[in-house]
Amino acid sequence: MRARTAALAALPALVLMTSAAHANDRQNTADLPARHYDIISRVESLDGAERTVEQDQKVTYELQSSVLFAKDSAKLSAQAQSRLDDLARKVANSGTTKPVQVNGYTDDLGSAEHGLALSRERAEAVLKTLTKNPRLAKIRFTATGYGEAHPIADNKSESGRVKNRRVEIVVSRG
């Protein structure tokens with residue numbers, strides 16, 4: 001019994017030493033920089049024609065070019081207006097005070113120069129339509145064409161090329 005009593009008597013000292021060691025660990029971890037993880041939410045329509053990508057600092061609305069334009073054209077289709085009206089409502093409700101970016105992209109078929117020019121013309125066509133919307137009167141816009149740069153899918157398949165032919169409306173939060 002005496003051996004057990006001696007072991008129990010030593011226990012509080014051991015616990016105190018362990019607590020002191022953990023206190024030092026907590027003190028040291030307080031000096032570490034905080035980590036920030038950008039949570040990304042992606043929502044795509046069932047037909048794949050629209051995607052919304054939400055991040056901490058921005059929201060990106062993507063529309064497939066087939067929804068907005070005829071093949072190899074920068075003239076907006078009849079159905080494009082309703083889609084852009086819906087996006088205008090979302091942009092207006094965002095409360096952003098920063099310029100909204102309208103970015104055009106193409107696949108890698110054809111020459112790079114043609115893709116760059118077409119993507120620029122498509123971005124400018126969307127920008128012109130959005131700036132005519134009275135809800136967006138106080139919002140500034142920029143339009144940029146990127147051509148085949150920044151693909152989001154593999155250009156080796158038709159389904160990948162369809163995803164790469166798109167217009168993005170990027171709204172910064174704040």
S.K.: Side chain of S73, backbone of A70: donor and acceptor closer than 3.5 Å?
M.R.: no
S.K.: Taking all atoms of both residues into account, what is the closest heavy-atom pair of G115 and T106, and its distance?
M.R.: O-CG2, 3.4 Å
S.K.: Between R89 and D85, is there a side-chain N and carboxylate O pair less than 4.0 Å apart?
M.R.: no
S.K.: What I'd like to find out is whether the side chain of L130 reaches to under 4.5 Å of the side chain of I169, using heavy atoms alone.
M.R.: yes
S.K.: Linking Ile, Leu, Val, Met, Phe, Trp and Tyr through side-chain heavy atoms less than 4.5 Å apart, which residues share a cluster with V170?
M.R.: none
S.K.: Give me the atom names and distance for the closest heavy-atom approach of D47 to R83.
M.R.: OD2-NH2, 4.4 Å
S.K.: Quick check against the 3.5 Å criterion: does R166 have a side-chain atom that pairs as donor or acceptor with the backbone of S65?
M.R.: no
S.K.: If hydrophobic clusters are built from ILVMFWY residues whose side chains come within less than 4.5 Å, do L136 and L87 share one?
M.R.: yes
S.K.: When you measure from the side chain of S77 to the backbone N and O of V67, does any donor-acceptor pair fall under 3.5 Å?
M.R.: yes
S.K.: Working note: R120 + L116, criterion side chain to side chain contact (heavy atoms under 4.5 Å, CB included); need CA distance, chi angles, decisive distance, verdict.
M.R.: CA-CA 6 Å; R120 188 178 307 121; L116 188 60; 3.5 Å; yes
S.K.: In this structure, are over 12 heavy atoms from other groups packed under 6.0 Å from R173 atom CZ?
M.R.: yes
S.K.: Treating S119 as the side-chain partner and Y146 as the backbone partner, does any N or O pair qualify as donor plus acceptor under 3.5 Å?
M.R.: yes
S.K.: When hydrophobic residues are tied together by side-chain contacts of less than 4.5 Å, even through go-betweens, does V53 share a cluster with V126?
M.R.: no
S.K.: Which pair of non-hydrogen atoms, one from A125 and one from A74, has the smallest distance, and what is that distance?
M.R.: CB-O, 3.5 Å
S.K.: Taking atom CD of E148 and atom CZ of R165, what is their separation to the nearest 0.5 Å?
M.R.: 12.5 Å
S.K.: Please round to the nearest 0.5 Å and tell me the distance separating atom CG of N103 and atom OG1 of T60.
M.R.: 8.5 Å
S.K.: Once ring pair (Phe, Tyr, Trp, His ring centres under 6.0 Å) is applied, what residue pairs with a partner in residues 55-86 remain, sequence neighbours excluded?
M.R.: none
S.K.: How long is the span from the NZ atom in K58 to the CD1 atom in I40, to the nearest 0.5 Å?
M.R.: 8.5 Å
S.K.: Could you tell me if the side chain of V162 sits less than 4.5 Å from the side chain of Q64, heavy atoms only?
M.R.: yes
S.K.: Might you confirm whether atom CD1 of I39 has over 12 heavy atoms from other residues, nucleotides or ligands at distances under 6.0 Å?
M.R.: no
S.K.: Which heavy atom of S45 sits nearest a heavy atom of A49, and at what distance?
M.R.: OG-N, 3.2 Å
S.K.: So, does T96 use its side chain to make a donor-acceptor pair with the main chain of S172 at under 3.5 Å?
M.R.: yes
S.K.: Any sub-3.5 Å donor-acceptor pair from N164's side-chain atoms to I152's backbone N or O?
M.R.: yes
S.K.: Enter the distance from Q81:CD to N133:CG here, rounded to the nearest 0.5 Å.
M.R.: 8.0 Å
S.K.: Are I139 and V167 in one and the same hydrophobic cluster, where Ile, Leu, Val, Met, Phe, Trp and Tyr link if side-chain heavy atoms are under 4.5 Å apart?
M.R.: yes
S.K.: Going by distance alone, is a donor N or O of one side chain under 3.5 Å from an acceptor N or O of the other, for D72 and H114?
M.R.: yes
S.K.: Of all heavy-atom pairs between L84 and T129, which one has the smallest distance, and what is that distance?
M.R.: CD1-CG2, 3.7 Å
S.K.: Rounded to the nearest 0.5 Å, what's the gap from CD on E124 to OG1 on T131? Could you check?
M.R.: 11.0 Å
S.K.: For a quick test of reading the model, state the closest non-hydrogen atom pair linking V102 to A123 and the distance between them.
M.R.: CG1-O, 3.4 Å
S.K.: Under 4.0 Å between a Lys/Arg side-chain N and an Asp/Glu carboxylate O for K75 and E121?
M.R.: no
S.K.: Any heavy-atom pair between the side chains of R161 and L109 that's under 4.5 Å?
M.R.: yes
S.K.: So do the side chains of V59 and Q55 get within less than 4.5 Å of each other, counting heavy atoms only?
M.R.: no
S.K.: Given the rule that I, L, V, M, F, W and Y join up when any side-chain heavy atoms are under 4.5 Å apart, are Y105 and L127 in one cluster?
M.R.: no
S.K.: With a cut-off of 6.0 Å (strictly less than), are more than 12 heavy atoms of other residues, nucleotides or ligands near CD of E158?
M.R.: yes
